[in-house]
Chemist: 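Below is the structure I would like to discuss, written out as structure tokens.
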Protein chains: 2
Amino acid sequence: MKRNTWQREAVREALDAREGFVSAQGLHAGLRDAGSPIGLATVYRALADLAVEGEADSLQSPEGESLYRACSTGHHHHLICRNCGLTIEIEADAVERWAQQVASRNGFTQAQHVVDVFGLCDACSLREAPGTT
Amino acid sequence: MKRNTWQREAVREALDAREGFVSAQGLHAGLRDAGSPIGLATVYRALADLAVEGEADSLQSPEGESLYRACSTGHHHHLICRNCGLTIEIEADAVERWAQQVASRNGFTQAQHVVDVFGLCDACSLREAPGTT
DNA sequence: AGCGAGTTTGACAATCATTATCAATAAGGA
DNA sequence: TCCTTATTGATAATGATTGTCAAACTCGCT
């Protein structure tokens, strides 16, 4: 049976408090800073659990780290500013259907998909001159 | 200046010979099996180069490994069997437009996107009994 | 409240992919 | 051919993540 520990709560809350995606390491560091004596391994486990239970969303940063984010229920995707980290949840029924369709049309089953858009948000767009490299 | 070495060629060829995505480790193992004395670090470097030059496509497996694949020119996405690695290139003008639209509607610029579908291919679907664990 | 079984924790070791190091090698121009 | 210098490769280093296992804690039960 799944037990209720303050550690698990702490992770859930810390995740809720964040704006964008965090790495397990980062979240752990934050908790430690806040005075929590929680262990690193525990944070990893809690995040993995949350992801499985659908309370957290996870994705891989381009560098290969696993990032997590508090997740409203349901399946959705993200629009992420690659400069400041701002994250916007996007729904995409059309894309869901498309993915499903592409899969089955090719004989694939149990389709999952990775659909994320990275870019520069409004604010960051202004700073990075769109000129030459 | 960029020099021409048989190692670089070997990697390019080995990549071309593959059906789906391979990890650097996997490709290196294959080359070694084929009798090549090529080094692991070299394979990593060659693959990274090929990816930069646009001759290879790279993505992250759900487990966090970097996978590579010989890439015809142009932008496209993939339908990947998570069991046997079979990969099908898919074009998706609709998705391209959608991504672009979502981005600009939210004030984002320079949008890139990650769109990949993982599933079980026809053949593998049959083996994995869709029943209980 | 007290007990007991079994889950969870956490410090640390182990693993695994990837990158850095650096002396030796080899490519390509002169 | 000779020289300059990019490239190679064995290995160490890094860094995230997972496994280990005794001790601590939860929760149901009495």
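Each chain gets a letter, A, B and so on, in the order its sequence line appears, and its residues count up from 1.
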Chemist: Go through the structure and list residues passing salt bridge (charged side-chain N to carboxylate O under 4.0 Å, His left out) with Asp16(A), not counting sequence neighbours.
Modeler: none
Chemist: Does the side chain of Leu79(A) reach to within under 4.5 Å of the side chain of Thr87(A), using non-hydrogen atoms?
Modeler: no
Chemist: Ala46(B) or Ala48(A): which one's nearest nucleotide on DNA chain D is closer to the 5' end?
Modeler: Ala46(B)
Chemist: Roughly how many Å is it from CG in Leu27(A) to C1' in dT17(D), rounded to a whole number?
Modeler: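 Computing the Leu27(A):CG to dT17(D):C1' distance gives 15 Å.
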Chemist: Treat primed atoms plus P, OP1 and OP2 as sugar-phosphate and everything else as base, then score nucleotides 15-20 of chain C 5' to 3': B for base contact with protein heavy atoms under 4.0 Å, S for sugar-phosphate contact only, - for none.
Modeler: --SBBB
Chemist: Tell me every residue that passes ring pair (Phe, Tyr, Trp, His ring centres under 6.0 Å) with Phe108(B), counting only those two or more places apart in sequence or in another chain.
Modeler: none
Chemist: Evaluate the side-chain proximity of Val114(B) to Leu59(B): yes if any heavy-atom separation is below 4.5 Å, no if none is.
Modeler: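 Heavy-atom side-chain distance check fails, nothing below 4.5 Å.
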Chemist: Would you mind reading off the distance between Lys2(B) atom NZ and dG28(C) atom P, rounded to a whole angstrom?
Modeler: 13 Å
Chemist: Bend across the helix from dA1(C)-dT30(D) to dA30(C)-dT1(D), to 10°, with axes taken over 5 pairs at each end?
Modeler: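 One end's axis against the other's: 30°.
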Chemist: For Asp57(B), check side-chain hydrogen bond (donor to acceptor under 3.5 Å, both in side chains) against everything at least two apart and list the hits.
Modeler: His76(B), His78(B)
Chemist: For Glu55(B), what residues pass the salt bridge (charged side-chain N to carboxylate O under 4.0 Å, His left out) criterion, not counting sequence neighbours?
Modeler: Arg12(B)
Chemist: For Glu89(B), which residues count as a salt bridge (charged side-chain N to carboxylate O under 4.0 Å, His left out) partner, sequence neighbours excluded?
Modeler: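 Partners of Glu89(B) under the salt bridge (charged side-chain N to carboxylate O under 4.0 Å, His left out) test: Arg69(B).
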Chemist: Kindly determine whether Lys2(A) and Glu53(A) satisfy salt bridge (charged side-chain N to carboxylate O under 4.0 Å, His left out), including the steps that lead there.
Modeler: CA-CA 12 Å; Lys2(A) 180 139 297 185; Glu53(A) 293 162 23; 3.5 Å; yes
Chemist: If a pair satisfies ring pair (Phe, Tyr, Trp, His ring centres under 6.0 Å) and one of its residues is in residues 22-52 of chain B, list it, with sequence neighbours excluded.
Modeler: none
Chemist: Let me have a per-nucleotide readout for nucleotides 1-6 of chain C, 5' to 3', with B, S or -, counting only protein heavy atoms under 4.0 Å.
Modeler: ----BB
Chemist: Taking CG from Leu50(B) and C1' from dT7(D), how many angstroms apart are they, rounded to a whole number?
Modeler: 15 Å
Chemist: Which of residues 4-15 of chain B sit near DNA chain D, with a heavy atom under 4.0 Å from it?
Modeler: Thr5(B), Gln7(B), Arg8(B)
Chemist: Under a 4.5 Å side-chain heavy-atom rule over Ile, Leu, Val, Met, Phe, Trp and Tyr, are Tyr68(A) and Phe21(A) clustered together?
Modeler: no
Chemist: Would you tabulate the side-chain donor-acceptor contacts of residues 29-43 of chain B under 3.5 Å, counting partners in other chains and residues two or more places apart, or write 'none'?
Modeler:
residue  : atom : partner  : partner atom : Å
Arg32(B) : NE   : Ser36(B) : O            : 3.4
Arg32(B) : NE   : Ile38(B) : O            : 2.9
Arg32(B) : NH2  : Ile38(B) : O            : 3.0
Ser36(B) : OG   : Ile38(B) : N            : 3.3

Chemist: Would you indicate whether the side-chain heavy atoms of Val117(B) and Ile80(B) approach each other to under 4.5 Å?
Modeler: no
Chemist: Among residues at least two apart in sequence or on other chains, which ones pass ring pair (Phe, Tyr, Trp, His ring centres under 6.0 Å) with His77(B)?
Modeler: His75(B), His113(B)
